[in-house]
Amino acid sequence: MSTFVLTAAIDDRAGIGKVASRIGIECDAYAFTAQDNLKEIIEKEHHQQQQHCILIDEAQFLSKEQVKQLTYVVDCLSIPVLCYGIKTDFQGELFPGSHYLLAWADKLVELKTICHCGRKANMILRLDSKGEPVREGAQVEIGGNDSYESVCRKHFRALIWDKIEDEHHV
Ligand SMILES: [Zn+2]
């Protein structure tokens, strides 16, 4: 079976990207940007070689229009589209892509991760180069030294929400 793999470009340059898994396998992927029409790109690929499945990594970076283009691929080209990504950003807000995938997807599968305390991790912290949680800034930081950690809501509250409230009460 032939699968067309796409991932978000880490900068403005569309083209060749890679999708890697933690078990060490990787494959080439089309790197999409916000300007790409995914309906046209997938249709073109499908004409060159029949595609049985479309796999999209970093799907949180899709635009509303691109998620709608993917529903066209499913409904009108009859090709299944599997999207993988994170739901919320470091401030607990939905990414645009995740917003419309949650709204329009046929099926949702939650992959569970665990906080260091053992609770279900449903939030994401952005840590700066010193390992301190970041509370403000752009949703997507490109080229920074920030890292990300999955935590439970209770720890997210202690490190982000409670701190923001403290700052606003001073
Ligand atoms: Zn926790």
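Order of listing sets the numbers, starting from 1, for every ligand and every atom in it. Excluded from the calculations below are hydrogen atoms, water molecules and symmetry mates; all remaining heavy atoms, backbone and side chain alike, are included.
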Near the Zn ion (ligand 1) (protein N/O/S, cut-off 2.8 Å, waters excluded) we have Cys115 SG, Cys117 SG, Cys152 SG, His155 ND1
Within a strict 4.5 Å, meaning less than it, do heavy atoms of the Ile41 and Phe4 side chains meet?
yes
Hey, what's the ring geometry for Trp161 with Phe156, parallel, tilted or perpendicular (30° and 60° as the breaks)?
perpendicular
Is the CD1 atom of Ile25 crowded by more than 12 outside heavy atoms at less than 6.0 Å?
no
With sequence neighbours left out, write down each residue that passes side-chain contact (heavy atoms from CB on, under 4.5 Å) with [X], or none if nothing qualifies.
X: Ser147; result: Leu127
X: Lys44; result: Gln48
X: Ile124; result: Ile86, Tyr148, Ser150

